[in-house]
Amino acid sequence: MENLQEVVIQGIGGSPGICIGKAYLVDRGVDVVQQYLLLDFELDDEIERFKSAVNQATKEMDDIIATVPAEFSEQLYILETHKVMLKDKKLYDKTCKMIETKKINAEWALKKVSAQIRRMFNDMTDPYFRERGNDVTHVTDRIMHNLIGNREHEQIQDINKRVILVARDLSPAETSQIQLNKIQGFITELGGKTSHTSIIARTLQVPAIVGLAGATELLKNDSIIIVDGTQGVLILNPSEDSLIAYAEKKVIDETRRKRMIRHSAKPARTPDGIQKKVMGNIELLEEVVSVLDHGGDGIGLYRTEFLYMASNELPTEDQLFENYKEVIDLMSPLPVTIRTLDINGDKQVRALKEKDESNPALGLRAIRYCLKRPDVFKTQLRAILRAAYYGNVRLMLPMISGVQEIIAAKTILAQTAEELARENIPCDPHLELGIMIEVPSAAILADLMANHVHFFSIGTNDLIQYSLAIDRGNHDVAHLFKPLHPAILRLVKIVSEAAHKKGIKLFMCGEMAADPFNVPLLLALGINEFSMNPPSIPAVKSMIRQIDTSNMDIFLDKVLKQESSDAIIKVVQDTYGDIFQETIRL
Ligand code: PEP
Ligand code: MG
């Protein structure tokens, strides 16, 4: 047998776990599209050809939606969204128009329009929305394949051996055609941690590496590979030593994970009997199931922007109410923390766009916007107050930077509750009110803020961005985005001391709370409730169950004396290394 050289390549870990097997390549996408000019009399036929390619794509989506296996039912909304996008004005009407005005063929017009829409998404700094640009690619690829008569996606259904799927990108429609018993894992060239391939792979608990540039060029069908989805590492042509090492790791990982999932519904109680809550962050109603499946103790952060971003028009009070009530009903009796609109900055809402800001992260974002537009704010508050009548709801205000903003928001909240009472509409005016601590001034003023609210929730994604002056969406400074930076820990300590002194609850809902490595420190810093992406819940719960909190002062003192995050990591590792060995792979 040919002795091939082992190659190790780093990508992005999309879904944790290890698999070892043969690569199977599907779909290199539609890169080469011909451009040609048309004569006037050909234009109508060309537009018709485009429309029938879209109709064909719609029919294909219908067929896929009708036959989606049960294990993908959580992802149905993605397929429905893609179906709607096929006829979205921005794509459909614009392509027809471009064929007509530029007198070009449908493929070329579609390619240009699709690139314009993708550019719009790429300009957003929020990774979730930036990756929605990939949805546009999936939708246009489907139409394009119909235009040029290429039926590549049938390959996935044809797979008849247990393989590791390698693709430029996988659309949700393609992924939903996969028979799970034939796929061990995924590798894609595109995508990031929040792309659909990652979301689906995590939902299915299949290891995945995404963002692995050049994978479809480098790998051949039947190449032997190891996928380490936890570390985002691909090993091509593994040596015998690597094969043995990873086979062992795989067994250990799977045993660990099974144990964690088995226990995920149980409470997160420390060995010294302190009960903590581990909650889920969601963006969509559909994610509630995942929070429950992973043993979440409630919703610690419902990011409500999505309903506003999904359409050209603002959602009505009733639409918002129905959506919130459904989340509350599904979670009942567990708590649901609804955050009011956190738009602008990196999350633009077309229907509310006023003007371009030169520095959007420091602009009219979140609570600032809501206080400027009390009409928009009140509509959402009415929906939340009404929904709160039906369950256990907390209201949370984002981006608070000073006490005045809390007072102003509370005044509008009280007016809104009075209006509802006058109209005899059932609502809960006494719901708990909290603020996110994500601006350094809020952390510094925590003692004053604590007089006005029932809880704080530390949003580390923004707290780190604003304290360390690191744009959270900028790859070039990503290496400086350090949750364990001494300044961040000191800010968390200030907030914690203020909260405990005033007897209000302290939560953390930024990504920092999702990393089991941070758990000992966050327990030492007095966090009562952790909230995170649902798949991280079991590991964090498992870690909490192993950390005795009765004697953490010396540890915390030592950590807070360190001058760098590397030094802090070392102290944590030296103190809790044995427990980490059992629970997470570093
Ligand atoms: C945060 O800033 O940490 C947070 C949880 O909010 P978002 O990621 O939605 O800005
Ligand atoms: Mg934030």
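For reference, positions follow the sequence shown, starting with 1. Every number for a ligand or one of its atoms is a count from 1 in the order of the listing.
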For atom 6 (O) of ligand 1, what is the closest protein heavy atom, and at what distance to 0.1 Å?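 The answer is R339 NH1, 3.0 Å.
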What are the atoms of ligand 1, with element, lying closer than 4.0 Å to any heavy atom of [X]?
{"X": "L301", "result": "5 (C)"}
{"X": "R365", "result": "10 (O)"}
{"X": "M436", "result": "4 (C), 5 (C), 6 (O)"}
{"X": "D342", "result": "10 (O)"}

Atom name of the N, O or S atom in D462 that lies nearest to the Mg ion (ligand 2):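 Restricting D462 to its N, O and S atoms, the minimum distance to the Mg ion (ligand 2) goes to OD2.
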Which N/O/S atom belongs to E438 and is the closest one to the Mg ion (ligand 2)? OE1
Quick check: E511 and ligand 1, any N/O pair under 3.5 Å apart? no
Under a 4.0 Å N-O cut-off, is there an ion pair linking E357 with R368? no
Does this structure show an ion pair linking D318 with K325, if we count only N-O contacts that are shorter than 4.0 Å?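 Salt bridge absent between D318 and K325.
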Ligand 1-proximal atoms of N281, by part, heavy-atom distance under 4.0 Å: neither
Between Q465 and D462, do the side chains contain a donor N or O and an acceptor N or O under 3.5 Å apart? yes
Decide side chain to side chain contact (heavy atoms under 4.5 Å, CB included) for V288 and M331; before the verdict, give the C-alpha distance in whole Å, the side-chain angles of both, and the deciding distance to 0.1 Å. CA-CA 7 Å; V288 170; M331 289 306 297; 3.4 Å; yes
Pick out which of Q380, R339, E283 makes a side chain to side chain donor-acceptor pair (under 3.5 Å) with T304. Q380
Look at atom 2 (O) of ligand 1 and find which of E438, R303, M399, E283 reaches it with the closest heavy atom.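 Nearest heavy atom to atom 2 (O) of ligand 1 lies in E438.
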Answer whether the closest heavy-atom distance between the side chains of D548 and T270 falls below 4.5 Å. no
Does K482 reach the side chain of I488, with side-chain heavy atoms less than 4.5 Å apart? no
